[in-house]
Amino acid sequence: MRGSRILGTAFARPNLTALTSSLPSPSQVSRHTRSAASSLPRATQKHARTAQFSTSAGKTGSLSRRNDQESRKYSTKSTQGEAPPFAFAFDIDGVLLHVATPIPGAPEALKFLNENNIPFILLTNGGGKHETERVKDLSQKLGIELTTDNFVQSHTPFRQLVEGPNSLREKTILVTGANAEKCRLIAEAYGFRNVVTPADILKAHPEVFPFDPLLDTVYTATARPLPKPVFTPGSGMNLKDALKIDAMFVFNDPRDWAYDIQLITDLLLSQEGYVGTYSPKNGDAALPSCGWQQDGQPTLYFSNADLLWSTGFHLPRFGQGAFQAAVAGVWRRLTNGHELQRRVIGKPYSETYQFAERVLATHRHDVLKSRGHHEPGTLKSVYMVGDNPESDIAGANDYQSEAGTEWSSVLVRTGVWSPEHSGEKAIQGRFKPKVIVDDAREAVRWALKREGWTGPAL
Ligand code: G3P
Ligand code: MG
């Protein structure tokens with residue numbers, strides 16, 4: 001399949017083994033979760049009791065698709081009955097929210113799952129705020145209690161790059177995004193020690209960008225002194241004393257495309273990542289890829305590949321994937337058609353699903369344990385509820401769970417995909433969802449029916 005080959009090379013599968021293999025083990029993960037579960041509002045416990053009452057009265061229908069198995073009596077009161085072997089992963093934009101506005105039915109669906117101890121995580125390609133801040137924000141908007149233990153955003157897996165043998169903790173990285181200063185603070189919170197932003201370089205060397213910078217006030221307000229001076233030819237400066245960037249990260253959708261593309265491309269053309277240099281290998285036909293990106297240039301990471309995303313506007317809007325396509329387009333133009341080598345994570349990439357599955361398994365384990373399910377059992381199925389066939393649906397369809405968990409893709413009609421706008425042609429092959437439903441609430445109802453749930457109705 002030509003597409004994937006290019007994709008294969010262009011989007012060099014993120015060498016995320018470092019990212020996933022050093023994922024925290026269940027015991028390490030969530031000191032929060034235990035507190036989260038026990039901090040469930042009393043009311044919820046009351047509901048749980050009543051819900052239990054109904055089930056123990058034998059109203060156990062068995063719509064279970066697993067007809068051959070004894071229909072499961074799901075209890076919501078702890079220690080009785082089996083823990084639900086299924087869980088949910090919810091996309092955010094276009095499923096739960098349109099930017100800041102809850103999508104009808106979504107808060108109710110999450111509240112229902114919380115009240116019935118059916119574990120779920122939020123798995124978004126969004127980003128730009130630290131997880132703690134974003135979770136607080138989402139809890140307020142959706143009116144339910146969320147913790148960072150059941151929340152994964154596009155750049156969350158980057159935090160693992162400060163661990164392991166190829167740790168970037170002490171290296172110098174460049175970060176950008178909608179608000180590069182905020183991205184710097186997130187990167188520092190993740191453990192990266194030397195974080196530079198485009199503002200730092202522009203304020204130290206305005207000549208790197210000959211136009212009036214769009215975000216000049218922001219740059220002036222947020223620029224920090226550079227850890228090392230930018231190399232200036234003829235200055236007698238020793239290259240080793242100059243500013244070297246070891247990796248570049250796009251945390252979320254940049255705003256100043258012109259300057260960011262200039263700076264990122266400068267570093268891709270540089271000698272070993274030294275700002276202000278140009279690699280003698282560039283364009284050398286005797287070298288692999290004609291010497292492009294063959295001289296220790298910094299790795300370029302994108303946190304997600306979404307070309308489009310769903311906001312309040314009636315037509316989908318450009319996402320980080322559009323910026324990535326612009327960088328790749330300029331690179332192809334500069335290099336006579338060479339593909340930009342970069343690392344891309346986020347949905348649909350399996351590394352992000354593997355990361356999310358581990359977070360979900362740990363969260364589920366702790367929530368159910370804290371509810372008295374001493375044997376939570378294995379997580380048999382996850383329902384990925386999304387609005388974007390290219391990220392949510394393809395990602396869930398492609399993902400081969402290391403735990404043998406079945407991931408089912410559920411497409412809602414409240415976001416990027418709509419029969420009128422993208423239609424049937426956009427949901428063929430790996431983009432084909434297991435089911436299409438109106439919204440998040442219908443998605444939960446469909447899954448509960450499929451699982452033979454006999455507890456309270458949503
Ligand atoms: O920038 C966010 C966008 O790309 C999509 O976010 O929540 O739909 O994965 P989400
Ligand atoms: Mg979405």
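Note: hydrogens, waters and symmetry copies are ignored here, and every other heavy atom, side chains too, is used.
Counting only distance, with no hydrogens or angles, the side chain of N125 and the backbone of G346 share no donor-acceptor pair below 3.5 Å. Judged by distance alone, the side chain of T172 and the main-chain N or O of I245 form no donor-acceptor pair under 3.5 Å. Formation of a donor-acceptor pair under 3.5 Å by the H155 side chain with backbone atoms of G128 is found in this model. Judged purely by atom type and a 3.5 angstrom limit, S139 uses its side chain to pair as donor or acceptor with the backbone of L146. Side chain of T414 to main chain of G94: a donor-acceptor pair is present (N/O by atom type, distance under 3.5 Å, no hydrogens or angles).
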Could you walk me through whether F251 and Y301 satisfy the ring-ring contact (aromatic ring centres under 6.0 Å, His included) test, starting with their C-alpha distance in whole Å, then the side-chain angles of each, then the deciding distance to 0.1 Å, before giving a yes or no?
CA-CA 8 Å; F251 268 61; Y301 291 88; 9.9 Å; no
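With salt bridges taken as basic N to acidic carboxylate O contacts below 4.0 Å, one links K129 and D137. The pair E188-R159 does not count as a salt bridge, with every side-chain nitrogen at least 4.0 angstrom from each carboxylate oxygen. The residues E108 and K111 are annotated as not salt-bridged, no charged nitrogen and carboxylate oxygen being separated by less than 4.0 angstrom. Ionic pairing of K380 and E406 is not present here: no N-O contact between side-chain nitrogen and carboxylate oxygen is shorter than 4.0 angstrom. In summary, K347 and D306 do not engage in a salt bridge, as defined by a charged side-chain N under 4.0 Å from a carboxylate O. A salt bridge is defined here as a Lys NZ or Arg NE, NH1 or NH2 lying under 4.0 Å from an Asp or Glu carboxylate O, and R445 with E442 meets this definition. Of the charged side-chain nitrogens involved, none lies within less than 4.0 Å of a carboxylate oxygen, so that E375 and K369 do not count as a salt-bridged pair.
Under the ring-ring contact (aromatic ring centres under 6.0 Å, His included) criterion, F323 pairs with W257, not counting sequence neighbours. When the side-chain hydrogen bond (donor to acceptor under 3.5 Å, both in side chains) test is applied to T265, no partner is found at least two apart in sequence or on another chain.
Counting heavy atoms of neighbouring residues, nucleotides and ligands inside a 6.0 Å radius, atom NZ of K141 exceeds 12 of them. Residue-environment remark: NZ (K434) exceeds the threshold of 12 foreign heavy atoms within 6.0 Å.
A donor and an acceptor atom, one from each side chain of Y399 and Q354, are nowhere located under 3.5 Å apart.
Once rounded to the nearest 0.5 Å, the distance linking CZ of F86 with CZ of R364 reads 10.0 Å. Rounding to the nearest 0.5 angstrom, the gap separating the CD atom in Q293 from the CD atom in E339 is 10.0 Å. Rounded to the nearest 0.5 Å, atoms CZ (F158) and CD (Q153) are 11.0 Å apart. The structure places CG of N388 at 8.5 Å from CD1 of I393, a figure rounded to the nearest 0.5 Å.
With F88 as reference, Y383 is the one residue of F112, W407, Y383 to meet the ring pair (Phe, Tyr, Trp, His ring centres under 6.0 Å) rule.
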